[in-house]
Amino acid sequence: MIPLPGDHFPSATGSTLRRWPGDRPLSIRPGTESDLPEVVRLDEEAFPEGPYDYDILRQWLDVCGDRLLVADDGTTLHGYVAVAATPDPTRTWIVSLAVAPGRRGHGLGRQLMLETLGHLRSDGVREVRLTVAPSNTTAIVLYRSLGFVPVGGIRKDYLGPGRDRLLLALSF
Ligand SMILES: CC(C)(COP(=O)(O)OP(=O)(O)OC[C@H]1O[C@@H](n2cnc3c(N)ncnc32)[C@H](O)[C@@H]1OP(=O)(O)O)[C@@H](O)C(=O)NCCC(=O)NCCS
C-alpha cells in the first residue's frame, strides 16, 4: 500500500506546501463559496477544450463540502480537486482534478491527490473511482502511480458522443 497522509487533513488554517522561489507559499484547504470566481477561472485555464459549466462548479462548492480542496497562495488558486458526495460512505468518486498550466510538473497534482486520498481513507472510504480521457497520459501516469487500476477497458462515449473515458479505481 502506498503511504498516504491518512491521519492528516488540512485544518481551517490549511497545510503549507513547498515554496517556489520568489512565490508565495501555497496552502491546501477546503474551498468555500468565496472561491467560486477563482475556481471558475482555474477550471477554464486547466480545461480550455471544455471547462465545467459555472453552475456545476457552483454546486460542487456546496455539495462536496470540505472534500473540494483548493491550493491557495493567498490571492490566487493554483489547483483544485473535487470529490463527489455519494450515498455509500465507503465508496466515492473524484470528479475533477486541475492544476494551473504554469504550476504543472512540480508535484502539486500529486499533493492534491495525496491530501484527498488521505482524508478519504481516514473517513472510512474503501474505494475511490474516477474517469480520465484515454489520451490524458499525464493524469493516467499520476493516477497509476498512486495505485489506481483500470476497471475494464475504455468506455466508449462515456461522457457523450466522442468522449470516451477510462474508469480507474483505488481500493484502500
Ligand atoms: C493532471 C494534472 C492535474 C497533473 O498535475 P501536476 O501538478 O502537473 O502533476 P505533478 O507535478 O504532481 O506530477 C504528478 C505525476 O504525473 C506524471 N507527470 C507529470 N507531468 C507529466 C508529463 N508531462 N508526462 C507524463 N507524466 C507526467 C508523473 O508521474 C508525475 O509524478 P513524478 O513527478 O513523481 O514522476 C495536470 O497536468 C492538469 O491539471 N492537467 C489538466 C487537467 C486534467 O487533465 N486533469 C485530470 C482530469 S482526469
Side-chain angles (χ1 to χ4, degrees), residues 1-5 8-10 14-31 35 38-54 56-57 60-61 64 67-73 76-84 86 91-120 125 127-160 162-170:
M1 182 184 291
I2 52 161
L4 294 173
H8 167 71
F9 186 65
S15 61
T16 301
L17 286 175
R18 77 176 78 163
R19 186 170 187 155
W20 272 257
D23 279 340
R24 302 155 68 96
L26 286 183
S27 67
I28 292 181
R29 61 166 177 78
D35 292 315
E38 273 292 283
V39 171
V40 170
R41 178 198 56 76
L42 173 60
D43 197 74
E44 285 172 354
E45 273 187 34
F47 298 101
E49 72 294 347
Y52 284 103
D53 288 340
Y54 180 97
I56 299 272
L57 296 169
W60 280 355
L61 280 163
C64 301
R67 288 184 172 180
L68 189 153
L69 299 182
V70 297
D72 181 13
D73 74 0
T76 304
L77 298 188
H78 298 275
Y80 82 90
V81 58
V83 175
T86 49
R91 301 179 69 180
T92 194
W93 291 75
I94 291 175
V95 290
S96 189
L97 169 72
V99 169
R103 284 279 184 164
R104 290 181 191 160
H106 294 279
L108 182 52
R110 182 180 298 282
Q111 186 71 27
L112 283 164
M113 288 296 294
L114 287 171
E115 292 274 354
T116 291
L117 295 174
H119 178 56
L120 294 175
V125 172
E127 187 191 75
V128 182
R129 291 186 169 210
L130 56 81
T131 72
V132 58
S135 59
N136 193 345
T137 310
T138 303
I140 292 171
V141 170
L142 168 61
Y143 299 142
R144 294 301 302 267
S145 75
L146 291 167
F148 282 84
V149 294
V151 180
I154 291 172
R155 314 281 169 126
K156 193 146 181 56
D157 300 331
Y158 183 89
L159 290 181
R163 300 182 64 199
D164 302 346
R165 301 295 274 187
L166 199 55
L167 174 58
L168 303 180
L170 171 67

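Quantities reported herein were computed from a predicted structural model and do not represent experimental measurements. This chain uses plain numbering: 1 for the first residue, then up along the sequence. Whatever order the structure lists them in is the order used to number ligands and atoms, beginning at 1.
Each of the atoms 48 (S) of ligand 1 lies under 4.0 Å from some heavy atom of Thr131. Close contacts between ligand 1 and Ala98 involve ligand atoms 39 (O) [criterion: under 4.0 Å to a heavy atom]. Counting the atoms of ligand 1 from 1 in the order shown, those under 4.0 Å from a heavy atom of Val132 are 48 (S). Residue Ala46 has at least one heavy-atom neighbour below 4.0 Å for each of these atoms of ligand 1: 41 (C), 42 (C).
The single protein non-hydrogen atom nearest to atom 48 (S) of ligand 1 is Tyr143 OH, 3.3 Å, given as residue, atom name and distance. For atom 39 (O) of ligand 1, the nearest protein heavy atom (residue, atom name, distance) is Val99 N, 2.8 Å. What sits closest to atom 16 (O) of ligand 1 on the protein, heavy atoms only, is Leu142 CB, 3.6 Å. Atom 42 (C) of ligand 1 has as its closest protein heavy atom Phe47 CE2, 3.4 Å. When only non-hydrogen protein atoms are considered, atom 21 (C) of ligand 1 lies nearest to Thr138 CG2, 3.4 Å.
Under the 4.0 angstrom criterion, atom 11 (O) of ligand 1 counts as having a protein heavy-atom contact. Distance check for atom 29 (O) of ligand 1: a protein heavy atom is found below 4.0 Å.
Taking a 4.0 Å cut-off on heavy atoms, Leu112 fails to register as neighbouring ligand 1.
Remark: of the listed residues Val99, Asp35, Leu69, Leu57, Leu57 is the sole one forming a side chain to side chain contact (heavy atoms under 4.5 Å, CB included) with Tyr80.
The heavy-atom pair separating Pro134 from Arg165 by the smallest distance is CD-CA, 4.0 Å. Closest of all the heavy-atom pairs between Val125 and Val128 is CG1-CG2, 4.0 Å. Between Ser96 and Asp43 the shortest heavy-atom distance is OG-OD1, 4.3 Å.
With distances taken over non-hydrogen atoms, the option nearest atom 8 (O) of ligand 1 out of Ser135, Gly109, Gly105, Ala100 is Gly105. Distances from atom 15 (C) of ligand 1 to the heavy atoms of Arg110, His78, Arg104 put Arg110 nearest. Considering only non-hydrogen atoms, atom 45 (N) of ligand 1 lies nearest to Leu97 out of Ile140, Leu168, Leu97.
Here the OH-CG distance, from Tyr158 to Leu166, works out to 11.0 Å after rounding to the nearest 0.5 Å. Between the OH atom in Tyr143 and the CG atom in Leu168 there is a gap of 8.0 Å [rounded to 0.5 Å].
Only the backbone of His106 comes within 4.0 Å of ligand 1, judged by heavy-atom distances. Here Asn136 has side-chain heavy atoms under 4.0 Å from ligand 1, and that is the only part of it that gets that close. Of all the heavy atoms of Tyr80, none lies under 4.0 Å from any atom of ligand 1, so neither backbone nor side chain is involved.
For the residue pair Thr76/Arg24, the side-chain donor-acceptor check at 3.5 Å is not satisfied.
Between Arg155 and Asp164 there is no salt bridge, since none of the side-chain N atoms of the basic residue sits less than 4.0 Å from a carboxylate O of the acidic one. A salt bridge between Glu44 and Arg41 is absent, with no side-chain N of the basic residue lying under 4.0 Å from a carboxylate O of the acidic one.
At a threshold of 4.5 Å between non-hydrogen side-chain atoms, the residues Leu68 and Leu61 count as touching.
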Audit row: Arg29, Asp72, salt bridge (charged side-chain N to carboxylate O under 4.0 Å, His left out) steps and yes/no: CA-CA 8 Å; Arg29 61 166 177 78; Asp72 181 13; 3.0 Å; yes
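Residue Gly107 has at least one N or O atom closer than 3.5 Å to an N or O atom of ligand 1.
Asn136 places a side-chain N or O within donor-acceptor distance of the main-chain N or O of Ala139, the cut-off being under 3.5 Å.
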